[in-house]
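A note on names: the letters A, B, ... follow the listed sequences, proteins ahead of strands, and every chain is numbered from 1.
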Protein chains: 2
Amino acid sequence: MPNNQFKKSELYSFITGKASTAIARRLQKNFKQAGVDITIEQWSVLYHLWKEDGMSQQQLCEATFRDKPSITRLVDNLEKLKLVKRVASKDDRRINMIYLTPEASKLQEQSMELANQTLNEALEGVTNGQVEIAKEVLQRVYENLK
Amino acid sequence: MPNNQFKKSELYSFITGKASTAIARRLQKNFKQAGVDITIEQWSVLYHLWKEDGMSQQQLCEATFRDKPSITRLVDNLEKLKLVKRVASKDDRRINMIYLTPEASKLQEQSMELANQTLNEALEGVTNGQVEIAKEVLQRVYENLK
DNA sequence: TTTATGTAGTTGCATAAACAACTATATGCC
DNA sequence: GGCATATAGTTGTTTATGCAACTACATAAA
């Protein structure tokens, strides 16, 4: 039973994710202005390592919803920036465990602050109740398609 | 007055747009399965030309929320695929008007059907009322940041 | 122990995005 | 007309994504 809730004029934004593009651009701009010199994608990897340091690349794939080549290259670039280190696992030599460097730890507080600030800019004029529902919908969409 | 509606554990999905990434991947997969051999980004340009054929690249920038270099290259690739043609404007020689070819017109019905189908897959189990609110929130986010 | 199969990660290639610098044309003002 | 400024589009560079093919290691079955 197709619900066809979308008129053509409304389909576009939802499909193309204009809102999340806008959020990503603003966050990148806020990072840049504050002198935080990393990309949003690099930040998304650091974000999960700040929650739990020493994840495998495979775990980072699942956490960040990215494929293996993407994580390989993000870790490459984060290593070049000296923000993470690859450490071969002793139990299983296929696995790289990824660890934060002290420099990366320094970025945590400021960048999380900037992320929160960016979300507040994004959600200006939106009520908490509306945000709750939007989050539920987006979570459900993700669960439906992942 | 910061609303700080996001606990840390919830901030990530919203910022990184996991839901719209999931939608884009599923739409791309549905295109591929159906033999529609274009990227989602190319489709997003065609989408606006189907609504109004003969837009300038600048108009396409605004409609698709992309910058000028992105549109230059998307139009390059769509031209290689023989789906659009650049036609120099006679009024203003700086402007390229972009026109659909007959081959592009053939893609319209099927691809729009696939887009609607993809949205129905995405929104399975979500009520119309919730979708309405989510759309409002995302529209407001876009307006706040664009 | 050998062989098959699965998993972790890497590499190559095509497409796309962000940003800055650039060319060409148009417009407004003196 | 001539100059300053703005607008439309292009090009170069870096970073990232998606997909397929690949290597290396692990595991389990014969």
Below 30° counts as parallel, above 60° as perpendicular, anything between as tilted: where do the rings of B:Y12 and A:H48 land? perpendicular

Heavy-atom donor-acceptor pair, [X] side chain to [Y] backbone, under 3.5 Å:
X: A:N30; Y: A:L114; result: no
X: A:N144; Y: B:E124; result: yes
X: A:T72; Y: A:K68; result: yes
X: B:Q57; Y: B:V75; result: no

By nearest heavy atom, map A:K90 and A:Q42 onto DNA chain D; which one lands nearer the 5' end? A:Q42

Without decimals, in angstroms, what is the distance between B:F65 CZ and C:dA17 P? 12 Å

Taking the side chain as every heavy atom from C-beta outward, state whether B:Y47 and B:Q42 have any atom pair closer than 4.5 Å. no

ring-ring contact (aromatic ring centres under 6.0 Å, His included) pairs touching residues 103-135 of chain A, sequence neighbours excluded, are none

Presence of salt bridge, B:E132 and B:K135, under 4.0 angstrom: yes

Between protein and nucleotides 1-11 of chain C, map the contacts as a letter string: B base, S sugar-phosphate only, - none, heavy atoms under 4.0 Å, written 5' to 3'. -----BBBBBB

Under the salt bridge (Lys or Arg N to Asp or Glu O under 4.0 Å) test, residues paired with A:E79 that sit two or more places apart: A:R86

I'd like the 5' and 3' limits of the part of DNA chain D contacted by chain B, with heavy-atom contacts below 4.0 Å. D:dA6 to D:dA20

Residues from residues 17-37 of chain A lying under 4.0 Å of DNA chain C - heavy atoms: A:R25, A:K32

Listing request: all side chain to side chain donor-acceptor pair (under 3.5 Å) pairs with a residue in residues 18-27 of chain B, at least two apart in sequence or in separate chains. A:S20-B:S20, B:R26-B:E121

